[in-house]
Amino acid sequence: MSEIDLKVIDHLEKLCRIQCTDQEKKDLLQRLRQVVDYIHLLDQIDTEHVAPCIRVQQSLQKNTLREDVVKDQLSKETFLKNSPAHIGGMIQVPSVIDKEERT
Amino acid sequence: MKELWQPVIGLEIHAQLNTQSKIFSSAPNRFGDEPNTNISTVCTGQPGALPVLNKEAVKKAVQFGLGIEGTISEVSTFDRKSYFYPDSPRNFQITQFYHPIIHGGKVIAEIDGKEQEFYIDHVHLEDDSGSLKHFTSFGGVDYNRAGSPLIEIVSKPCMHSPKEAAAYATAVKSILEYLDISDCNMDEGSIRFDANVSVRKLGETSLRPKTEIKNLNSFNFLQLALEAEIERQINLYTKHPEKEPKELIKQGTYRWDGAHKKIFLMRVKEHAEDYRYCPEPDLPPLILTKKYIKALEKNLPELPREQYKRYIANFHLSPYASQLLTNDKKLASYFEKGAALSTSPQSLCNLITVEFAGQLKDTGTTVFSLGIPPEHIAKLSNLIENKTITGKIAKLIVEDMIKNPQKDPEAIFKENPNYQPLSNESEIEAIIDKILAQNAQSIIDYKAGKKRAFGFLVGQVMQATQGKADPAIVNDLLNKKIENSN
Amino acid sequence: MNNDLYRFSAKKINELFLKDVITATEIAEYYLSRIESHNGQLGAFLQVLSERVLQKAKRLDQKKKENKPLGKLAGIPIAIKDNIHIENQITTCGSAFLENYVAPFDATVVRLLEQEDALLIGKTNLDEFAMGSSTENSAFFPTRNPWDLTCTPGGSSGGSAASVAARLCPISLGSDTGGSIRQPAAFTKTVGFKPTYGRVSRYGLVAFASSLDQIGPIANYCEDIGLIMEVIGSCCEKDATSLNLPNESYQENIPASFENITVGIPSNFIKNLGKENKAFQDSIHILKSLNAHVIDIDLDVLKHSIATYYILATAEASTNLARFDGIRYGNRSSKAKTIDEVYKFSRQEGFGKEVKSRIMLGTYVLSAGHKAHLYMKAQKLRQMIIDAFDKAFSTCDFIVLPTSPSSAFTIGSLQDPLDLYFQDIFTICANLAGIPAISIPSGFDNHQKPLGIQIMGPQLHDVAVVKYATVLEKAFSIADKIPPLFDREVNRG
């Protein structure tokens, strides 16, 4: 039995900020149900004594850190060239009414 | 009967590390410049750009970990924390959620003369967001700050008063300063506090619902906000004893409104935020060898607590004065520069923390901002110590030094005839004779055992000499005169 | 003089240039005209860099005239998958979202190719953000298979594979997250190599699933794979997962046979292969005739690789693609009035169906809402797969698998997502384990559609994998076969 219903789709739509039409939601529901049912087959496998993979490269045991030097800056002009709207060197966005803070 | 309530406070302190470049890119770690000028492909979230961790940021985080006697993780990992906001260039923050770089640790602070330990849960590395500026009809996003290295220092809920919270935060700040980890510039937001606070009846063992006050950027605000929130919670509980705590205290995010001295609710948390943490695949686990950690430990600069102890032991300063100096690295190193030249560190400390601080109070200036060389204050302390001048004259010279910050106190002393001490014994003797003649009763009182009468007489003499008489001579002569009188 | 240039390997073209038989400008013009006459029916290129490549060719000819030292890839036209940045050129990723995005920097691979004097000739088509196995999910147009224009070339590097197969360029770069280089290589009778994870810098590759993505080459000949790997397989300080390895030659001392080499075949895992099983068995016979010691190995855990892959890849993708929000670059919906609408509408308009559904799936597996901890489970499965490969490689030098369960399928024929995902059953495991894997053409099916076979080696054994692929390529002796539709000179002028 799939745990996915339209409520889940609504929640996902909000989390990933993609507006969907009703038809799209129905299609997504069907698709996700099918795929999620399939990936849940993994539930049957005993992985209790397996450590989750945190690194695929067995040979990379040395850190690849960066020296603390300033270089390779992106110019403001190059950055703004791709922007849909900018003003006074800043990226322009609609007013944020909800000045909600994140962490 | 009034119930006794116990506040429970935990702090999350975000401190910006003072590296040259950002945490995951080589853009300058500097803001306040023209918008979007200190940026790179990484900190503007360009597709195809990859984060590479700054060695120096790691070093500073480890140094902090050593400074709080925390456990340095030999393997730590980075994770993505997802949320959408315009100043978040990738719409995820790179942080350390599952395996932070530091576990545990403690900070010691002195509260009302008593040492108290506060416990750290963990410390992790993460990147800062850009900044969104609000204009009337639009918003503007600047990514200069995006990618600045931060450590987040998460305490255990181990504080029980706003005063303790402020003392803990002050102690953390001075560790950050002493280890040269952060500029600790509160005005520029290089340290920010988030406070979690709840109250419970004294004796209760479980915790009641907490609220979160975000983005406090001064010790004063921290203390005021906590006081207000604690009072608000206690009032709610006392007014509605019949209600369930979770009905009264809505778990949510609050902000402190400094102008209205009030906290206000930003948003209620319906359920836990869904940040969808997952490992950051672009950054391999960070591996720190024992050798690396040992080497940093060996070369760790002196910590405020060690300096505090040294001041008491070597300079014989009071615990209070030692604390005052070591709370502020700049002040302590100012003091040390002077102490190297001063014959009396206590007198020097007194001049800096009492005389100068007192006279400069409410002027908005300090000995640093005026540019008074610490060597000058040391010279002044020596003038007092070798009895060239009296305390009274010292006060006047302090005043002159404030007016003329570059001037040597020795020169000030020499140039002003009024500051010359009266050490001519016969001159002083004449004045004493006069005072004794006017205060026969005091002599009788003194002889009758009223010791204070002697002090009164000294005071009279000093007043008559405008404070210039050498107190030792005055004492000496007065004693002789009184003994011989009869 | 130019006759049959299209038949030559990249190495040969470079030799002709060095010997003054042909100029770089002539090479560039020759391939540009082939692209011009064939790309319309093929849809392999999204953008042809005519002006840029001619300028580079001119500089190269000048350099040569002045007897200045020339790079290792001098005069070789190379096509780049359009999810890899060339500075100041548009990188679309096959997405409407990035239709006008001008890359602000060169990918490390592009920088390395430029340094060695390659002629970057164009940007090739792909499934949107490399998500797909058919190149039908491009927002612009599908790419067709040069061997049968009614079929897909596979994907997601379908444009890169088709351009090489149709001899519109001798080498191209693709990216491989779950088989996106090897499966289209098999479908188009080209050689496709996915190096060890970390061998080639990902800096400048627009990420799909960062822990699985790897850039690699597609060519008609194994020698060309070796040639370009010697250039692009170098350590990069801008990619923290890049490996710092000594330079090795891929081209010297190619062995004559599989003498003293043990090849493992996971026969239980592939037993339900179906109709293509016979072709695979034929290949095993050829291996044996080359003196390979063939043994059976246990890789049954690979039956879980698709589920594992779709959890990990979509989770990473959902976070990687969150940056496409319409704020800093890319599509911003004109309907949007609020910040939230900028996100919602721009992403709705800019992303295709497959991308949206994978973002949703990835968000779902990471969301705190469900109790299954799917992501953690998949990480554990990934470790089990890595361990299984480790164990297998303790008994054999290489593992040989088919590249794809079938030959190229008809455009529009695979609609069911699971059927499409099943396309990757033999390729995904190399990405999960981070090991090098090459697909080389092994023959044709009854419909004259190409088939491929994969050689996989342990991590870091890239050179050995390519060298032994060269041995096998020689034995199959079909490397010179060219799709009939494209096996002719273009009438010029």
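What you see is a predicted model, and the numbers here were worked out from it, not measured in a lab. Atom set for the values below is all heavy atoms of this structure, side chains included, hydrogens, waters and symmetry mates excluded. Sequence lines set the chain letters: A, B, ... in the order given, protein chains first and strands last, and positions in each chain run from 1.
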Pairwise distance OG1(B:Thr44) to CD1(C:Ile327) - rounded to 0.5 angstrom
13.5 Å

Measuring from C:Asp325:CG to B:Tyr85:OH, what's the distance to the nearest 0.5 Å?
13.5 Å

Test side chain to side chain contact (heavy atoms under 4.5 Å, CB included) on B:Thr41 and C:Tyr203 and set out the steps.
CA-CA 11 Å; B:Thr41 56; C:Tyr203 184 69; 3.4 Å; yes

Please report the closest heavy-atom contact between B:Pro281 and C:Thr241, naming both atoms and the distance.
O-CG2, 3.8 Å

Between C:Leu205, C:Asn83, C:Ile84, which shows the greatest number of heavy-atom pairs under 4.5 Å with chain B?
C:Leu205

Per-residue contact mode, C:Thr91 against chain B (heavy atom under 4.5 angstrom)
neither

For each of B:Ser82, B:Gly45, B:Pro51, tally heavy-atom pairs with chain C at distances under 4.5 Å, and name the one with the top tally.
B:Gly45

Within the side chain of C:His85, is there an N or O that forms a donor-acceptor pair under 3.5 Å with the backbone of B:Pro47?
yes

Are B:Phe92 and C:Ser318 side-chain neighbours, meaning at least one heavy-atom pair lies under 4.5 Å?
no

From B:Tyr98 atom OH to C:Met376 atom CE, the distance as rounded to the nearest 0.5 Å:
6.5 Å

For atom NZ of B:Lys210, decide whether the heavy atoms of other residues, nucleotides or ligands shown that lie under 6.0 angstrom number more than 12.
no

If you apply the rule side chain to side chain contact (heavy atoms under 4.5 Å, CB included), what do you find for C:Thr319 with B:Arg276, and how did you get there?
CA-CA 9 Å; C:Thr319 58; B:Arg276 289 158 282 144; over 6 Å; no

Side-chain contact, heavy-atom cut-off 4.5 Å: C:Ile339 with B:Pro86?
yes

Count the heavy atoms belonging to other residues, nucleotides or ligands that lie under 6.0 Å from CD of C:Glu237, then report whether that count exceeds 12.
no

Residue among C:Ala107, C:Ser210, C:Ser211, C:Cys93 with most heavy-atom pairs under 4.5 Å to chain B:
C:Ser210

Cut-off 4.5 Å, heavy atoms of chain C, and the answer for B:Tyr277 is backbone

Can you say whether C:Phe129 sits under 4.5 Å from chain B via the side chain, the backbone, both, or neither, judging by heavy atoms?
neither

Under 4.5 Å from any heavy atom of chain C - which part of B:Arg90
both

Compare every heavy atom of C:Glu316 with every heavy atom of B:Arg80, then report the nearest pair and how far apart it is.
NH1-O, 3.8 Å

Are B:Gln46 and C:Tyr101 side-chain neighbours, meaning at least one heavy-atom pair lies under 4.5 Å?
yes

For the atom pair CG (C:Asn320) and CG (B:Asn91), what is the distance rounded to the nearest 0.5 Å?
12.0 Å

Surrounding NZ of B:Lys133 (heavy atoms of other residues, nucleotides or ligands, distance under 6.0 Å), is the total greater than 12?
yes

Is the closest side-chain donor-acceptor distance between B:Asn36 and C:Arg328 under 3.5 Å?
no

Please test C:Arg202 against B:Leu50 for side chain to side chain contact (heavy atoms under 4.5 Å, CB included), starting from the C-alpha separation and ending with a verdict.
CA-CA 8 Å; C:Arg202 292 181 296 112; B:Leu50 296 172; 3.9 Å; yes

